[in-house]
Colleague: 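My questions will all concern the structure given below.
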Amino acid sequence: MSLKYSSVTKKIVMSLAGLFLTSFLVVHLLINLLILFDPTRELFNEAAHFMATNPLIQTFQYVLFFGFILHIIFGLVLQIQNWMARPVRYEKKGSSEQSYFSKFMIHTGAIVFIFLIIHFANFFVKAKFGHVEALTYPSGATYEDLGMLVVNLFQDGAYVIFYVVAILLLGFHLDHGFQSAFQSLGLNHSRYTPFIKLFGTLFSVAITLGFISIPLVIYFS
Amino acid sequence: MDLTLKIWRQASAEGKGKFVNYQVQNISADASFLEMLDILNERLVVEGEDPVAFDHDCREGICGACSIYINGRPHGPDRGITTCQMHMRNFKDGETIVIEPWRAKPFPVIKDLMVDRSAFDAIIQAGGYVSVSTGGVPDANAIPIPKRKADEAMDAAACIGCGACVAACKNASAMLFVSAKVSQFALLPQGRLEARERVQKMVAKMDELGFGNCTNTYACEAECPKEISVSHIARMNREFLGAKLLSEK
Ligand code: FES
């Protein structure tokens, strides 16, 4: 289906979907971080409860899912076309790329995708269809203790390593993707582009450190 | 200096092709890269061998014919320069230089280092022009154009269509070339009239010919002998988006 769209249209779809997914990462990270700031896990569980029950967010879940599908399918189509555009490879490979991680978008993307599936099975499916112990807090509120699920998973050293590596790769993916999205949308300006690039890199570092800090703190405490 | 040249030899478009090693001795550091290949070819002719075929024409950096991929870089080491302007002082004595043709599906090899770049002509034919009706010669200053715009259009028009952007791009994308041509017209009032159709037609042609998609690696800008900026790619994306959203049909 995406074959009939022009290369530029595909890139525009990629960037819009990518930026949208990035905004989702921010929300996700902010909620996750709650677990570090509240040992009783009440804040986190409350937020998770809100996300799982709020009708607006529930509807938004489908939009998010659609965003993922678009980004993945278009990314694959673009990559396959790009491989086909050079049937005979160079003997001496070039390395003139000025955006370093642009070389590895398909690789970092693929690993993040695998991570996503495992992550989905570990949390989303369990939270939605499995049984999670409920906890009543002194405040009187009762929430499913999803925070415990997180804490338990992060006791496993191998899982923590996998998680950290996947997030690092996600960071690399973001570092190229963020500024690339603006370029694809035609938003390039001698005054603002250097700022977008710098912001993208700082943003990627912040997101990466944010996500990575959670398993590390839980594992080592 | 003495050098080992590892050159791609391919007898014809249908031929299989392989790398062949040649030794060249006593090459002056002041010789240009093409002169060095001339020296090799003269020897090959004397020895009764087939000389290495490569494209060249002006040898002064303005025609874009000399398209050679040298040690992993289009037009070799050194920035902002074509192969014919690149000198042997960029190499070390005893070095092995890997010499390949441009590699891209729309640029098939004709012979050795020569590729067929008519795909670029086809893109230009699709819309890279301004239609003018005949008539008297218009006054050069009748249409006021801000200096900044004129300069930017001129920077885009500096593209010599050599194809280094395609050769350098890991996706064999022609976006820098096409965007330079789109920009050069889009920036000027004479080009605005057909801007919407132009960008759509040229992008469609580029895709049809089998060039890859741009992933913003910016390798093209780094290797362009005319140092054309990727900001033109952004302008083309803008033009394209605008044309798609606003065109009447
Ligand atoms: S031969 Fe004309 S640019 Fe090199």
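Proteins come first, then strands; the chains are lettered A, B, ... in the order of their sequence lines, and each starts at number 1.
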Colleague: Would you find more than 12 non-hydrogen atoms of other residues, nucleotides or ligands less than 6.0 Å from A:Phe60 atom CZ?
Modeller: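 At most 12 heavy atoms, drawn from other residues, nucleotides or ligands, come within 6.0 Å of this atom.
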Colleague: What is the minimum heavy-atom distance between B:Thr215 and A:Lys11, and which atoms define it?
Modeller: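 Scanning both residues completely, I find the closest heavy atoms to be CA-NZ, 3.7 Å.
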Colleague: Donor-acceptor pair, distance only, cut-off 3.5 Å: does the side chain of B:Asn237 make one with the backbone of A:Gly186?
Modeller: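 Flag not set: sc B:Asn237 to bb A:Gly186 has no pair under 3.5 Å.
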Colleague: Ignoring hydrogens, what is the shortest heavy-atom contact between A:Asn188 and B:Arg238? Give both atom names and the distance.
Modeller: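 Nearest heavy atoms, A:Asn188 then B:Arg238: O-NH1, 3.7 Å.
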Colleague: When you measure from the side chain of A:Arg86 to the backbone N and O of B:Ala167, does any donor-acceptor pair fall under 3.5 Å?
Modeller: yes
Colleague: Which atoms of A:Met105 come close to chain B, meaning under 4.5 Å heavy atom to heavy atom: side chain ones, backbone ones, both, or neither?
Modeller: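 Neither part, no heavy atoms under 4.5 Å.
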Colleague: To the nearest 0.5 angstrom, please state how far the CD1 atom of A:Ile12 sits from the CZ atom of B:Phe240.
Modeller: 6.5 Å
Colleague: Could you look at B:Phe211 and say if it's the side chain, the backbone, both or neither that has a heavy atom under 4.5 Å from chain A?
Modeller: backbone
Colleague: Against chain A, label B:Cys220 side chain, backbone, both or neither, depending on which of its atoms sit under 4.5 Å from a heavy atom there.
Modeller: neither
Colleague: Please flag which part of B:Ala104 lies under 4.5 Å from any non-hydrogen atom of chain A: side chain, backbone, both or neither.
Modeller: both
Colleague: Measure from the side-chain N and O atoms of B:Glu100 to the backbone N and O of A:Lys92, and report whether any donor-acceptor pair falls under 3.5 Å.
Modeller: yes
Colleague: With chain A as the partner, which of B:Gly72, B:Gly242, B:Pro101 has the greatest number of non-hydrogen pairs under 4.5 Å?
Modeller: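 When all of B:Gly72, B:Gly242, B:Pro101 are compared, B:Gly72 has the most.
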Colleague: Between the side chains of B:Tyr218 and A:Gln179, does any donor sit under 3.5 Å from an acceptor?
Modeller: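 Their side chains do contain a donor-acceptor pair, which is all the 3.5 Å distance test asks for.
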Colleague: Are A:Glu91 and B:Lys6 close enough for a salt bridge, meaning some N to O gap below 4.0 Å?
Modeller: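 Salt bridge flag = yes for B:Lys6 with A:Glu91.
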Colleague: Can you find a pair of side-chain heavy atoms, one from B:Val98 and one from A:Tyr90, that are under 4.5 Å apart?
Modeller: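 Result no, sub-4.5 Å side-chain heavy-atom pair not found.
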Colleague: Taking atom CZ of A:Arg89 as the centre, does the number of heavy atoms from other residues, nucleotides or ligands within less than 6.0 Å exceed 12?
Modeller: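 For A:Arg89, atom CZ is crowded (more than 12 foreign heavy atoms under 6.0 Å).
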Colleague: Can you tell which part of A:His176 gets under 4.5 Å to a heavy atom of chain B, answering side chain, backbone, both or neither?
Modeller: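 Side chain of A:His176 only, per the 4.5 Å heavy-atom cut-off to chain B.
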Colleague: Relative to chain B, which of A:Gly94, A:Pro87, A:Ser7 shows the most heavy atom pairs under 4.5 Å?
Modeller: A:Ser7
Colleague: For the CZ atom on A:Phe115, are there more than 12 heavy atoms of other groups (residues, nucleotides or ligands in this structure) within a distance under 6.0 Å?
Modeller: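 Yes - once you tally the heavy atoms of other residues, nucleotides and ligands closer than 6.0 Å, there are more than 12.
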Colleague: Between A:Leu78 and chain B, with a heavy-atom cut-off of 4.5 Å, which part of the residue counts as in contact: side chain, backbone, both or neither?
Modeller: both
Colleague: Measure across B:Val230 and A:Gln183 and return the closest heavy-atom pair with its distance rounded to 0.1 Å.
Modeller: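 Minimum heavy-atom separation between B:Val230 and A:Gln183: O-NE2, 2.9 Å.
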Colleague: Indicate whether the side chain of A:Asn82 and that of B:Ser173 have a donor and an acceptor atom separated by less than 3.5 Å.
Modeller: no
Colleague: Rounded to the nearest 0.5 Å, how far apart are CG of B:Asn213 and CZ of A:Phe74?
Modeller: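 Interatomic distance, B:Asn213 CG to A:Phe74 CZ, rounded to 0.5 Å: 11.0 Å.
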Colleague: Could you look at B:Asn71 and say if it's the side chain, the backbone, both or neither that has a heavy atom under 4.5 Å from chain A?
Modeller: both
Colleague: For A:Ala85 versus B:Pro106, what's the shortest heavy-atom pair and its separation?
Modeller: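 Minimum heavy-atom separation between A:Ala85 and B:Pro106: O-CD, 4.2 Å.
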Colleague: Measure B:Val109 against the heavy atoms of chain A and call it side chain, backbone, both or neither at under 4.5 Å.
Modeller: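 Nothing of B:Val109, per the 4.5 Å heavy-atom cut-off to chain A.
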Colleague: Which heavy atom of A:Gln98 sits nearest to which heavy atom of B:Ala222, and what is that distance?
Modeller: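 Result for this residue pair: NE2-N, 3.5 Å.
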Colleague: Between B:Thr217 and A:Tyr100, is the side-chain contact (heavy atoms from CB on, under 4.5 Å) condition met? List the steps.
Modeller: CA-CA 7 Å; B:Thr217 74; A:Tyr100 185 71; over 6 Å; no
Colleague: Looking only at heavy atoms, which two atoms of B:Lys170 and A:Ser102 are closest? And how far apart?
Modeller: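 Here B:Lys170 and A:Ser102 meet closest at CE-O, 3.4 Å.
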Colleague: Is it the backbone or the side chain of A:Ser190 that comes under 4.5 Å from a heavy atom of chain B, or both, or neither?
Modeller: neither
Colleague: Pick from B:Glu208, B:Glu223, B:Met236, B:Glu239: which one has the most heavy-atom pairs with chain A under 4.5 Å?
Modeller: B:Glu223
Colleague: Taking every heavy-atom pair that is under 4.5 Å apart, which of B:Arg235, B:Arg103, B:Lys105, B:Gln200 has the most such pairs with chain A?
Modeller: B:Arg103
Colleague: Check whether B:Phe107 gets within reach of chain A through its side chain, its backbone, both or neither, counting any heavy atom under 4.5 Å.
Modeller: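 Neither part; nothing is under 4.5 Å.
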